[in-house]
Student: 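Quick one: this structure, given as structure tokens, is what I'll be asking you about.
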Protein chains: 2
Amino acid sequence: MANMNSALLALADPTRRAVFERVARSPAPVGDIAKGLPVSRPAVSQHLKVLKEAGLVLDHAEGARRIYRIDPRGLGPLRAWLDQFWGAALDAFAADLEAQAKDDKDDDHD
Amino acid sequence: MANMNSALLALADPTRRAVFERVARSPAPVGDIAKGLPVSRPAVSQHLKVLKEAGLVLDHAEGARRIYRIDPRGLGPLRAWLDQFWGAALDAFAADLEAQAKDDKDDDHD
DNA sequence: AGTTCATGTTAGCCATTACTTACCGTAACC
DNA sequence: GGTTACGGTAAGTAATGGCTAACATGAACT
């Protein structure tokens, strides 16, 4: 499912996120991905399955190899969800500045 | 730790994400947050602790209550990390379009 | 001081999960 | 056909994590 929940869940694990980052850099077969990681090849295969179900990567057979690449639509919902709170974060930042200014005024005993 | 790893890990859990969304909407004490959720108050308190250590929320005492609000700096690293792969996703999308066009035309390659 | 309200903390339980080893299927070689 | 390369799947295990219940802390109020 390519919703934001599964995407967030998939990217939470450091190893799986490393797999995703590797695939995002450039498409690669499973073996190559596993070579650059401290886990076994089946582990990478399992991570790729999760990433695929989360809509973050795509795969296609190429002979005996299976090439994984980033799924363009995967990061969309996640980014949209994040931006939803970007405004709230900025508002909070503005409120912080205001409160800080008030504090400075209160604390101006020499 | 206010890095992107802990932020991603904190937001992965649906309940904890609901807590974060509630806090982001408007600052509130723990009891009020727990009222709108299907888990106990201690559970909310634990989630808030994780969110706080991830740099996603801030708290300040207000009498016996403890008001939690969003931490403006929390989403920054996460958003930055996400944008790092936004370009790769767009590139992949462009590659998809190109491949599709090639398929449609059944043309030989560039 | 004693009581009540609001919250943090601990202990323990249960479900989930990330990992490895072993195995099976498939595709390209000889 | 046999063998080798590549990758997905199953089973079993150790570790993690979220939850509740019980306890501890501290502030406000009478």
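Quick note on labels: first sequence line is chain A, next is B, and so on, each numbered from 1.
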Student: Looking at residues at least two apart in the chain, or sitting in another chain, which of them share a salt bridge (Lys or Arg N to Asp or Glu O under 4.0 Å) with B:Arg22?
Tutor: none
Student: Can you give me the first and the last nucleotide of DNA chain C (5' to 3') that has an atom within less than 4.0 angstrom of a non-hydrogen atom in chain A?
Tutor: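 Contact span on the strand: C:dA18 to C:dA28.
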Student: Output the distance between atom CG (A:Leu8) and atom CH2 (A:Trp81), rounded to the nearest 0.5 Å.
Tutor: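 Separation between the atoms: 6.0 Å.
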Student: Restricting to side-chain contact (heavy atoms from CB on, under 4.5 Å), what partner residues turn up for A:Pro29, sequence neighbours left out?
Tutor: A:Asp32, A:Arg65, A:Ile67
Student: With sequence neighbours excluded, what pairs up with B:Asp13 under the side-chain hydrogen bond (donor to acceptor under 3.5 Å, both in side chains) test?
Tutor: none
Student: Among all residues two or more places apart in sequence or in another chain, which pass the salt bridge (Lys or Arg N to Asp or Glu O under 4.0 Å) test with A:Arg17?
Tutor: none
Student: Could you work out, with side-chain contact (heavy atoms from CB on, under 4.5 Å) as the rule, every residue matching A:Ser40, not counting sequence neighbours?
Tutor: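 Listed in chain order: A:Pro42, A:Ala43.
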Student: Could you list the residues that satisfy side-chain contact (heavy atoms from CB on, under 4.5 Å) with B:Ala18, not counting sequence neighbours?
Tutor: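 Partners of B:Ala18 under the side-chain contact (heavy atoms from CB on, under 4.5 Å) test: B:Leu37.
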Student: Could you note down all residue pairs passing ring pair (Phe, Tyr, Trp, His ring centres under 6.0 Å) where residues 5-26 of chain A supplies at least one of them, sequence neighbours left out?
Tutor: A:Phe20-B:Phe85
Student: Using a 4.0 Å cut-off on heavy atoms, which residues in residues 25-35 of chain A reach DNA chain D? List them by number, or say none.
Tutor: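 Nucleic-acid contacts, sorted: A:Pro29, A:Val30, A:Gly31.
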Student: Please state whether the phosphate of D:dG8, meaning OP1 or OP2, lies under 4.0 angstrom from any side-chain nitrogen or oxygen of A:Tyr68.
Tutor: yes
Student: If the sugar-phosphate is the primed atoms plus P, OP1 and OP2 and the base is the rest, what is the B/S/- string for nucleotides 19-30 of chain D, using protein heavy atoms under 4.0 Å?
Tutor: BBBB----SS--
Student: Taking atom C1' of D:dG18 as reference, at what distance in whole Å does atom CZ of B:Arg17 sit?
Tutor: 15 Å
Student: Would you please name every residue forming a side-chain contact (heavy atoms from CB on, under 4.5 Å) with A:Leu82, sequence neighbours left out?
Tutor: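 For A:Leu82 the side-chain contact (heavy atoms from CB on, under 4.5 Å) partners, ignoring immediate neighbours, are B:Leu75, B:Leu78, B:Arg79, B:Leu82.
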Student: Which pairs pass ring pair (Phe, Tyr, Trp, His ring centres under 6.0 Å) with one or both residues in residues 22-56 of chain B, sequence neighbours excluded?
Tutor: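 The answer is none; no pair qualifies.
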